[in-house]
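For clarity, every value in this text was computed on a predicted model and none was experimentally measured. A note on names: the letters A, B, ... follow the listed sequences, proteins ahead of strands, and every chain is numbered from 1.
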Amino acid sequence: MSDPLYPFDDIEKTVQNRWKSDKAFSTKADRTRPKYYCLEMFPYPSGRIHMGHVRNYSIGDAIARYKRMRGYNVLHPMGWDAFGLPAENAAILRGIHPAEWTESNIAHMKEQLQRLGLSYDWDREVATCSPSYYRWNQWFFLKLLEKGLAYRKEALLNWCDSCATVLANEQVEDGQCWRCGSQVILRTMNQWFLRITDYARDLMAGLSSLEGWPERVRTMQANWISPSTGAEITFEVDPLTLDERAAPLRLKVFTTRADTLFGVTFVTMAPEHPDMDLLLAGSPQEKKARNFIEETLKKRTKESREEPEKEGAFTGRMVRHPLTGEKIPLWIGNFVVASYGTGVVMGVPAHDQRDFEFAQKYGLPVKKVIAPNGEAQGAGVQAMTEDGTLFDSERFSGMDSETARTEITKELESRKLGQSRETFRLRDWGISRQRYWGTPIPVIHCPHCGIVPVPEGDLPVLLPRDVHFSGKGGSPLGEHPSFSSVPCPVCKRTARRETDTMDTFIDSSWYFLRFAGGTPEGAAPFVPEDLSYWLPVDQYIGGVEHAILHLLYSRFFTRVLYDLGLSPVQEPFNTLLTQGMVLKDGAKMSKSKGNVVDPDHLIAQYGADTVRLFTLFSAPPDKDLSWDDKAVEGAYRFLGRLYGRVNALLEEFPQATGDSPGTELTPDAAALRSKIHETIVRVTTDLDSHAQLNTAIAALMELLNALGSYQALSGEPAPVRAPLLREGYLTLLTLLSPFAPHIAHHLGERLGIDRIETLSWPVADPKALVKETVAFVIQINGKLRATVTLPPGSSQDDVEREARKDEKVVRALEGQTVMKGIFVPGKLLNLVVRPSS
RNA sequence: GCGAGAGUGGCGAAACGGCAGACGCACCAGACUUAGGAUCUGGCGGGGCAACCCGUGGGGGUUCAAGUCCCCCCUCUCGCACCA
């Protein structure tokens with residue numbers, strides 16, 4: 001390695017020590033000052049930070065530092081999303097206890113983050129695996145239980161064999177585990193759910209208020225929640241009581257097309273429907289139907305990729321049409337989703353494509369009841385799915401679809417056979433995990449009293465340290481005698497403690513509240529005054545991969561806490577920046593591809609400032625960033641040049657003279673001064689608008705180029721030169737300090753500024769922005785022909801007169817008649833011409 | 001299939017409807033050097049000796065003026081995907 005261009009290593013160490021001893025970034029709520037809460041998604045302590053973290057945190061730090069200089073009281077915390085599977089895997093593989101593994105990872109990663117010079121208030125650091133944090137997970141869980149928002153049910157669940165745990169729907173991608181990528185299978189289990197669907201409507205409605213969120217993320221959440229308005233309609237099984245069993249069977253279907261009700265020719269239910277057993281028992285088709293169900297469920301675990309062909313089986317049962325009383329066959333269909341709507345659909349082959357395909361295959365009748373309003377489409381091969389006018393629908397015939405939906409629903413309501421209903425694609429959040437390294441769910445199963453919540457006073461339910469990791473299946477908690485076997489809090493008889501732990505997404509659903517208002521060891525999770533001062537998060541920054549999971553759960557949790565009177569806001573994140581990925585050779589960095597760039601090496605080679613500057617400069621924050629080893633050197637050279645030129649300045653003028661240049665500037669000096677102040681405007685605008693960090697840095701590079709050119713001039717009078725260059729470099733360093741804080745601090749010191757990061761953000765001198773002359777663009781028929789330099793206030797006539805002196809303009813106007821001139825003051829003159837006749 | 005976003009030099013990228021390619025990388029030439037893979041200076045979309053001409057995925061349109069606005073098409077990325 002060649003000699004460094006500047007001693008970044010010494011500089012960065014010294015400056016970081018200074019920040020540390022000054023406690024430079026500690027914050028307290030202060031109602032006399034405007035606040036700004038800048039937050040980056042906290043990392044999972046996997047062991048080392050990667051370039052994605054570097055990018056995420058460089059962006060956040062630039063914003064935090066900028067806002068501080070703009071006079072805001074800035075909260076900028078950092079912590080650790082410390083529960084999770086890898087810790088357990090490490091324990092199994094290498095015999096290290098998850099707690100130990102996690103702690104040492106945190107220590108190492110914290111050091112890495114500090115080496116980057118990120119301006120965090122480390123006093124607020126939290127790790128979700130510490131009892132002082134997760135006790136509140138348990139406390140919230142008990143509150144949710146009280147409110148009926150947490151419940152236990154038996155359900156067919158996504159099970160990942162390799163992680164040996166269940167997964168929430170959001171955590172299954174393409175039928176595979178979001179974490180390890182192995183195939184997810186379905187399994188019936190009893191587990192805890194949070195009633196996020198109770199908040200579906202609010203979460204949906206809240207999206208429209210999130211103007212500071214990328215459209216993309218809002219759309220993804222909207223698609224995930226997917227509200228759909230329709231009707232729930234009852235079809236009674238015929239005969240209503242099957243055989244000698246007393247329970248009457250009524251099946252409910254959900255439909256958005258109540259207007260097609262008279263076109264129903266069959267009803268289809270999901271193979272896993274809970275009433276299936278009851279229906280099939282004793283049916284002449286029982287055997288066939290059961291075979292079909294078994295086959296279907298088996299297939300479902302494998303395929304998952306492609307849409308399978310529609311298949312079904314007759315149940316041998318009939319249902320009654322709610323309005324006509326007609327008998328209709330009840331089928332089982334592989335295409336009916338059990339967990340959506342009611343798990344039963346009415347089959348209208350004439351007006352629904354899926355029903356149509358199903359009817360074709362099994363020879364079920366097709367009955368048209370909607371006439372298209374426009375021209376009829378080619379009938380026969382497809383269903384007519386558009387709205388239209390009803391016919392053959394008793395008294396509803398002649399109505400348009402929309403009216404008919406309301407009217408038919410009303411009719412059903414009056415007969416108590418239906419009602420309007422809103423359904424969501426979103427399903428309740430399954431939070432039980434059959435793992436050790438997570439928050440114990442604070443309930444006790446008592447054979448006499450049932451499910452008993454752990455009394456609040458007994459919290460936290462501590463994770464026992466002394467557990468054995470077998471490496472195969474199940475949580476070690478189940479085999480821990482003193483943990484799992486406890487007296488029932490109510491009857492004191494022997495009971496079994498819940499050994500499942502919580503999904504770690506619970507941990508990250510409220511950490512931003514804890515940062516802002518954490519209590520040391522209190523009876524409540526937050527100090528309310530602190531929360532109401534700091535919340536909401538003004539700027540949240542993280543990867544788009546959390547667009548649904550973490551961001552939806554956090555919104556849900558915040559609303560629940562709001563309703564519990566614990567959160568001052570309903571929406572936690574005011575503006576959201578989803579940063580792009582860091583790519584290398586056109587692909588995401590990964591060990592398997594061997595294209596990872598190690599932040600530690602980079603920092604050792606170029607220094608933290610260079611690494612930060614490059615990641616911010618090379619692409620806009622929300623776009624993917626292609627890593628280029630060579631391009632990093634550009635940022636490095638820039639800082640090296642800056643260092644060299646400030647040194648040259650100090651050699652030329654060891655004593656600072658005067659604060660600003662006198663009034664008599666040479667033309668070159670005036671141009672430079674105007675460049676300096678234009679840069680202030682540009683950088684400020686770029687940062688204020690859309691965090692355009694890349695163009696802000698480009699402006700700073702331009703300023704250094706301009707300063708360098710001026711510095712190289714000889715013959716400029718020293719009384720102008722010295723203060724002007726000083727002003728220029730100080731401005732540059734101040735504007736640079738959010739991006740490359742160490743070198744800015746150091747060179748600022750050399751120029752006599754103690755802590756440059758505490759200065760107020762520079763304000764442009766309006767006088768320096770006033771231009772003596774500007775270059776007018778001269779177009780002929782919209783094509784550039786010349787530029788002329790005149791005072792900005794010049795009139796159209798002035799500009800045209802001057803333009804006509806230009807030989808290119810003269811040539812272009814030869815033999816032409818000027819029809820009109822378009823004049824943009826201070827900018828442009830476009831002469832519209834036509835050949836003279 | 002539905003939804004969202006994106007297509008600009010060799011590359012990363014800039015451009016309130018007003019000079020396309022700022023800034024950086026790579027490359028080329030020169031300077032300083034025993035040397036340079038260090039540094040500094042200059043050049044750098046394509047064609048043409050030049051005047052000029054052509055250029056922002058393709059095709060239309062609006063406008064004095066279009067990368068930018070409108071319509072159609074193509075390609076790519078991401079998300080959802082039998083949701084009744």
Side-chain angles (χ1 to χ4, degrees), chain A residues 2-5 173-174 214-224 226-228 230 253-257 260 268 306-310 333-348 351-355 357-358 385 423-427 544-545 547-548 581 583 613-614 617-620 622-635 637-638 640-641 644 682 685 692 694-705 708-709 712 775-787 808 811-812 819-824 827-833:
Chain A
S2 50
D3 286 342
L5 295 181
E173 296 166 351
D174 271 346
E215 194 57 43
R216 186 154 77 112
V217 175
R218 291 202 278 171
T219 310
M220 280 165 73
Q221 291 214 351
N223 287 344
W224 192 263
S226 270
S228 143
V253 307
F254 174 75
T255 180
T256 54
R257 293 298 303 274
T260 63
T268 325
E306 289 293 304
E307 207 171 283
E309 202 188 327
K310 286 177 189 47
N334 64 343
F335 64 98
V336 182
V337 180
S339 48
Y340 182 77
T342 59
V344 188
V345 296
M346 59 186 212
V348 187
H351 304 293
D352 181 284
Q353 190 56 31
R354 294 158 302 202
D355 297 342
E357 287 168 29
F358 193 73
T385 56
T423 303
F424 299 90
R425 202 189 82 116
L426 180 73
R427 289 170 231 158
V544 74
E545 66 272 18
I548 295 174
M581 286 187 297
L583 308 176
L613 195 69
F614 174 74
F617 170 68
S618 209
D622 54 331
K623 287 228 225 154
D624 286 350
L625 168 73
S626 320
W627 190 265
D628 180 350
D629 290 328
K630 296 295 277 192
V632 184
E633 308 226 355
R637 281 199 286 259
F638 167 73
R641 263 197 304 273
R682 276 178 65 186
T685 316
Q692 306 249 34
N694 56 328
T695 49
I697 293 166
L700 295 177
M701 290 176 167
E702 277 185 56
L703 179 56
L704 179 64
N705 292 344
S709 306
F776 280 85
V777 171
I778 308 301
Q779 297 180 335
I780 313 274
N781 281 351
K783 291 205 168 156
L784 175 73
R785 281 296 176 263
T787 58
K808 287 187 179 182
R811 207 179 310 130
M819 305 304 292
K820 63 171 167 176
I822 308 288
F823 183 64
V824 182
K827 266 195 169 167
L828 163 145
L829 175 66
N830 184 12
L831 296 173
V832 184
V833 303

**Request:** Pick the C1' atom in B:G55 and in B:G48, then give their distance to the nearest Å.
**Result:** 15 Å
**Prompt:** Looking at B:C80, does its base get a donor-acceptor pair with the side chain of A:Asn223 below 3.5 Å?
**Reply:** no
**Distance, P atom - from B:C70 to B:G21, rounded to whole angstrom** = 25 Å
**Prompt:** Separation of A:Ile780 atom CD1 from B:C19 atom P, in whole Å?
**Reply:** 16 Å
**Asked** In Å, rounded to the nearest 0.5 Å, how long is the span from CE of A:Met581 to CG of A:Leu625?
**Response** 11.0 Å
**Message:** When the P atoms of B:C54 and B:C23 are compared, how many Å lie between them, rounded to an integer?
**Reply:** 26 Å
**Prompt:** Of A:Tyr340 and A:Asp628, whose nearest nucleotide on RNA chain B comes first from the 5' end?
**Reply:** A:Asp628
**Message:** Could you tell me how far B:G9 sits from B:C2 if I compare only their P atoms? Round to whole Å.
**Reply:** 30 Å
**Message:** Is the ring pair A:Phe823/A:Phe776 parallel, tilted or perpendicular, if the boundaries are 30 and 60 degrees?
**Reply:** parallel
**Message:** Taking any heavy-atom pair under 4.0 Å as a contact, classify A:Val632: base, sugar-phosphate, or nothing.
**Reply:** nothing
**Request:** Return the nucleotide paired to B:U56: Watson-Crick means purine N1 to pyrimidine N3 with N6-O4 or O6-N4, wobble means G-U with N1-O2 and O6-N3, both under 3.5 Å.
**Result:** none
**Whole-angstrom distance between B:C19 and B:G67, as gauged at atom C1'** = 14 Å
**Of the listed nucleotides B:G18, B:A26, B:C23, the one nearest the side chain of A:Met701** = B:C23
**Message:** Give me the distance, rounded to whole Å, that separates B:G24 from B:G60 when you measure between the P atoms they each carry.
**Reply:** 38 Å
**Asked** B:G9: syn or anti, with syn meaning chi within 90° of zero?
**Response** syn
**Message:** Of the options B:G79, B:C19, B:A84, whose atoms approach the side-chain atoms of A:Val777 most closely?
**Reply:** B:C19
**Asked** With no angle test and no hydrogens, is the base of B:G5 tied to the side chain of A:Glu215 by a donor-acceptor pair under 3.5 Å?
**Response** no
**Asked** For B:C64, which nucleotide is its Watson-Crick or G-U wobble mate, given both distances must be under 3.5 Å?
**Response** B:G18
**Item:** Rounded distance in Å between the C1' positions of B:U56 and B:A66
**Value:** 11 Å
**Request:** Name the nucleic acid region contacted by A:Ala698, choosing base, sugar-phosphate or nothing; use a 4.0 angstrom heavy-atom cut-off, strictly under.
**Result:** base
**Item:** Mate of B:G1 where both pairing distances stay under 3.5 Å, Watson-Crick or G-U
**Value:** B:C80
**Message:** Does the structure show a Watson-Crick or G-U wobble partner for B:A29, both distances under 3.5 Å? Name it, or say none.
**Reply:** B:U41
**Message:** Base, sugar-phosphate or nothing for A:Ser226? Non-hydrogen atoms, less than 4.0 Å.
**Reply:** nothing
**Prompt:** Between A:Ser618 and A:Arg682, who's closer to the 5' end of RNA chain B by nearest nucleotide?
**Reply:** A:Ser618
**Message:** Roughly how many Å apart are B:G17 and B:U62, using the C1' atom of each and rounding to a whole number?
**Reply:** 12 Å
**Request:** Can you tell me the pairing partner of B:G7 across any strand shown, Watson-Crick or G-U wobble, with both distances under 3.5 angstrom?
**Result:** B:C74
**Message:** So A:Arg425, base contact, sugar-phosphate only, or nothing? Heavy-atom distance under 4.0 Å.
**Reply:** base
**Message:** Does A:Lys630 reach a base, just sugar-phosphate, or nothing at all? Heavy atoms under 4.0 Å.
**Reply:** sugar-phosphate
**Asked** So what does A:Arg218 hit on the nucleic acid, given a heavy-atom distance under 4.0 Å: a base, only sugar-phosphate, or nothing?
**Response** nothing
